[in-house]
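Structure record follows, encoded as structure tokens.
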Amino acid sequence: MNTDITASAKPEYPVIDRNPPFTKTVANFSTLDYVRLSTVTAVSVTVGYLSGIKPNIRGPSMVTGGLIGIMGGFMYAYQNSAGRLMGFFPNDAEVARYKRA
């Protein structure tokens with residue numbers, strides 16, 4: 001099974017790692033990635049709370065919304081980080097950082 005995403009699309013930016021491992025991708029999270037993760041989580045907690053007001057299940061609804069939000073936010077941040085490492089998103093900071101190492 002071919003899991004190499006670059007087989008179907010060519011990167012537009014310099015490639016740092018064609019197939020980055022999980023640890024390298026998470027270590028590459030930028031401040032903006034963490035802000036996005038936090039924002040998605042906070043919005044999901046709020047929506048969960050507000051959606052649980054009428055049936056009076058605010059707590060469980062808020063926790064469920066938060067879990068969905070943190071998973072979605074993490075996947076979004078992971079996608080952006082991996083995309084930068086694979087050269088699909090602008091990656092000037094990563095190129096400078098990994099060129100020094």
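Values below: all heavy atoms of this structure, side chains included; hydrogens, waters and symmetry mates excluded.
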Q.
Test salt bridge (Lys or Arg N to Asp or Glu O under 4.0 Å) on R84 and D33; report intermediate values, then the result.
A. CA-CA 12 Å; R84 289 192 305 271; D33 291 329; 2.7 Å; yes
So CD of E94 and NZ of K99: to nearest 0.5 Å the spacing works out to 13.5 Å
Q) Any link between M86 and V15 through a network of hydrophobic side chains (Ile, Leu, Val, Met, Phe, Trp, Tyr) touching at under 4.5 Å? A) no
Note to self: Here's one to test your reading of the geometry: is the NZ or CZ of K24 within 45 degrees of the ring axis of Y98 and under 6.0 Å from its centre?
What the structure shows: yes
>> Can you confirm whether N28 sits close enough to R97 that some side-chain heavy atom of one is under 4.5 Å from a side-chain heavy atom of the other?
In response: yes
Value for CD1 (I68) from OG1 (T41), rounded to nearest 0.5 Å, stands at 11.5 Å
task: Give a yes or no on whether I70 and F22 share a hydrophobic cluster (residues Ile, Leu, Val, Met, Phe, Trp, Tyr; joining criterion: side-chain heavy atoms under 4.5 Å apart).
output: yes
Value for CG (L37) from CE (M75), rounded to nearest 0.5 Å, stands at 10.5 Å
task = Show the numbers, then the answer: is there a side chain to side chain donor-acceptor pair (under 3.5 Å) between T25 and S81?
result = CA-CA 6 Å; T25 304; S81 178; 5.3 Å; no
Tracing side-chain contacts under 4.5 Å among Ile, Leu, Val, Met, Phe, Trp and Tyr outward from V63 reaches L67
- Can you find a pair of side-chain heavy atoms, one from I16 and one from N91, that are under 4.5 Å apart? yes
Of all heavy-atom pairs linking P21 and D17, the shortest is CD-OD2, 3.7 Å
Practice prompt. Flag yes if L85 and V95 sit in one hydrophobic cluster, no otherwise; membership is Ile, Leu, Val, Met, Phe, Trp, Tyr, and two members link when side-chain heavy atoms are under 4.5 Å apart.
Written response: yes
Check: Taking the six-membered ring for Trp, are Y78 and F29 parallel (under 30°), tilted (30 to 60°) or perpendicular (over 60°)?
Finding: perpendicular
Rounded to the nearest 0.5 angstrom, the CZ-CZ distance for F74 and R36 is 15.0 Å
Taken in chain and number order and not counting sequence neighbours, the residues that satisfy ring-ring contact (aromatic ring centres under 6.0 Å, His included) with Y49 are none
- request: Please answer: with hydrophobic residues joined when any side-chain heavy atoms are less than 4.5 Å apart, are M62 and I53 in the same cluster?
  value: yes
Separation between OG (S30) and CG (N80), nearest 0.5 Å, reads 7.5 Å
Closest non-hydrogen contact found for P55 with S51 is CD-O, 3.9 Å
(Q) With a 3.5 Å distance limit and no angle check, can you tell me whether T64 reaches the backbone of S61 through a side-chain donor-acceptor pair? (A) no
